[in-house]
Every structure is written in structure tokens, then in C-alpha cells.
Amino acid sequence: MGIETALYDEPAWYDLLHESGTKEEASLVLDLFRLHGNGGKEVLEPACGTGRLLKFFQARGFRVTGYDINERALAFARKRNRHARLIKSGMTRFCEPESFDLAFNLIGTFRHLMSDADALRHLALTARSLRPGGIYIVQFDLSDYDGQQDDEETWDAREGKRAIDHVMISIAPERKKRLEKILHFLTLKEAGKSKVLKSAYDLRSYDLPQWEALVARSPFKIIDAMIHPELGPGVRDGVFVLRAKR
Ligand SMILES: C[S@@+](CC[C@H](N)C(=O)[O-])C[C@H]1O[C@@H](n2cnc3c(N)ncnc32)[C@H](O)[C@@H]1O
């Protein structure tokens, strides 16, 4: 049994872990695009990882582009999504002016941007990459600094002879520091062997006023929002549809 360090470096296991939520997550994006979008066919996923969500859009006739900084995730995505454009790039660098109708960024990935400057740069580049009427859908957990507590979540997934057990611990952020520490412990089991994989990283936290203030300083405005009741103590799921102010 070995100890490894990055969940993002294990794309096949990452995908298995997220498989049960993929259809529901992608369907929500598609529904929101049908409601608020411009009817176009060009989709962009910043920080696309394994491309699991892009695959859903490709199967429904969209042309898809994704970018990520992780080579291993991209290699996995390229093998699986042969007709997708998959590019090595970062959220503070990628821009293809007026090229996409829909962009999306789910499961808290936006919170990998660790400063206002980086988040604003990313929003500006993404706004510039959208065609007129294009939308950017962003989903992440919103913090409530007065109520949020450290939390532990467990889930597992299985496929044939492969199985994964997952424990995720989040350390509640402080309003001023805005750092939520995330720890993942994964037990990967295959062909009678198992190994433990450990990931630790910080995510930037947002409460609703912090997020609204950020968007107000960007080229986007929020045109729709769905904020779900508490997921855990002091945490709510926020889904936001952004369109450029122009
Ligand atoms: C939680 S995963 C999400 C992957 C994919 N979007 C999904 O929903 O399955 C976060 C991804 O963000 C990527 N990432 C983190 N920081 C990034 C950055 N600054 N620019 C581009 N990709 C980044 C990681 O490599 C990882 O693949």
C-alpha cells in the first residue's frame, strides 16, 4: 500500500469517483443553457480535468473545447474524447475571443483561483471568449462564516473489479483569510490490491456578498442564481448564470 499525493493525477479514479453525479450536473447546465443561452453549439469548459462533462455535451451534438493545467487529466480526456479540442492552459491565461456560446465551471473549480486579481482576470478572459448572448455557468459551495463548521463527507464508487472509498474533510474558512483546507483520503482497490491516495489543497471561500461583489467588478452580471438549502453546517450550493454586461 503506497501513499500518493494528487487526486487530479489519477484521472481514471477521479472519473469513477465523480461518475454518479456527472449526468445530473451536465443536465443542469444544458437546461440552463436552453433557458438563458443563445442557441449556439460551441462549448468551453475551463479546467475541464478528465473531460467527463464535455463528453455529455459532445454526445448531444455540441462542439467542445476544454483546457486544464494537468497533463495527465488532459491525456486521459484526449484518449476518450477524440473529437474534443483539449488544450493545456490555465484559468488566468486562456482566451479565444468571441468563440464560445456556453462556458461552465462546476464543483467548486472556480475556487482554485486564489486571489481577487486571478478570479477577475479569469472572468475577463472568459467574457472575452464568449460570443454575444453567451453565458458562463459557475457552481460552487457558498460559505456562511458564522455557521460553517469543519465537515467530513464520505462516498464510494464501484465499477467491475475496481472500487474506491473516499473521505473528504473540509476545514471551515475564516471570513478574513478565505482559505478552506480540503483533504481527500481515497482507498483504491483493484485486482486484490489497494493503495491510499491523499490530496490536500486550499480553496478560496466566498459568501454570497463576496461573490456578488467580485462579479460586479467583472465584465459579467448574474442573470440567474439557484442557491440550495444547507448542504452541511453553514454551506449552501450556489449555481450562477453569468452573461457579459455589454
Ligand atoms: C475539481 S477538478 C474539476 C474537473 C472538471 N471540471 C470536472 O468537473 O470534473 C479541478 C480541475 O481544475 C484544474 N485546475 C486547477 N487550477 C487550475 C488553473 N489555474 N487553471 C486550469 N486548470 C486548473 C485541475 O487540474 C483539475 O483538473
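Numbering of ligands and ligand atoms starts at 1, following listing order.
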Please determine if Tyr8 has a nitrogen or oxygen closer than 3.5 Å to a nitrogen or oxygen of ligand 1.
no
With atoms numbered from 1 as shown, which atoms in ligand 1 lie under 4.0 angstrom from a non-hydrogen atom of Gly90?
20 (N), 21 (C)
Assess the residue pair Asp202 and Lys177 against the criterion (salt bridge (Lys or Arg N to Asp or Glu O under 4.0 Å)); give the C-alpha distance rounded to whole Å, side-chain angles, the decisive distance to 0.1 Å, and a yes or no.
CA-CA 11 Å; Asp202 290 331; Lys177 287 195 182 151; over 6 Å; no
Compute whether any side-chain donor of one residue and acceptor of the other, for Thr92 and Asp118, lie under 3.5 angstrom apart.
no
Of the protein's non-hydrogen atoms, which lies at the shortest distance from atom 25 (O) of ligand 1, and what is that distance?
Asp68 OD1, 2.7 Å
Least distance between heavy atoms, Tyr136 atom then Asn105 atom:
OH-ND2, 3.0 Å
Test side-chain contact (heavy atoms from CB on, under 4.5 Å) applied to Ser129 and Cys95, step by step:
CA-CA 6 Å; Ser129 298; Cys95 187; 3.7 Å; yes
Can you list the ligand 1 atoms lying under 4.0 Å from a non-hydrogen atom of Ser89?
21 (C)
Check whether any side-chain heavy atom of Lys195 lies under 4.5 Å from a side-chain heavy atom of Glu10, and answer yes or no.
yes
Could you list the atoms of ligand 1 found under 4.0 angstrom from a heavy atom of Ile107?
1 (C), 8 (O)
Are any of the N/O atoms on Thr50, whether in the backbone or the side chain, positioned under 3.5 angstrom from an N/O atom of ligand 1?
no
Check the angle between the aromatic planes of Tyr8 and His112 and answer parallel, tilted or perpendicular using the 30° and 60° thresholds.
perpendicular
Can you find a non-hydrogen atom of Tyr14 under 4.0 Å from ligand 1?
yes
Can you find an N or O of Glu45 that's nearer than 3.5 Å to an N or O of ligand 1?
yes
Here the pair of heavy atoms bringing Cys48 nearest to Leu54 is CB-CD1, 3.9 Å
What atoms of ligand 1 come within less than 4.0 Å of a heavy atom belonging to Thr109?
1 (C), 2 (S), 3 (C), 10 (C), 12 (O)
Looking at ligand 1, does His18 have a heavy atom less than 4.0 Å from it?
no
Looking only at heavy atoms, is any part of Ala73 under 4.0 Å from ligand 1, and if so is it the side chain, the backbone, or both, or is it neither?
neither
Nearest-contact summary for atom 5 (C) of ligand 1 - protein heavy atom, Å:
Cys48 O, 3.3 Å
Assess, by modelled atom type and distance only, whether the side chains of Tyr206 and Glu212 contain a donor and an acceptor separated by less than 3.5 Å.
no
For Asn70, the atoms of ligand 1 under 4.0 Å from one of its heavy atoms are 25 (O)
For atom 8 (O) of ligand 1, find the nearest protein heavy atom and state the residue, atom name and distance (0.1 Å precision).
Arg52 NH2, 3.1 Å
contact_flag Ile69 ligand 1 heavy-atom lt 4.0 Å
yes
Looking at Gly49, which atoms of ligand 1 are within less than 4.0 Å of one of its heavy atoms?
4 (C), 27 (O)
Under 3.5 Å, is there a donor on one side chain and an acceptor on the other for His36 and Asp224?
yes
Is the contact between Leu53 and ligand 1 made by the side chain, the backbone, both, or neither, using heavy atoms and a 4.0 Å cut-off?
side chain
Exercise: do Ser143 and Gln148 side chains pair donor with acceptor under 3.5 Å
yes
Short N-O contact, Arg131 and Glu98, less than 4.0 angstrom:
no
Where's the contact between Met91 and ligand 1, heavy-atom distance under 4.0 Å: side chain, backbone, both or neither?
both
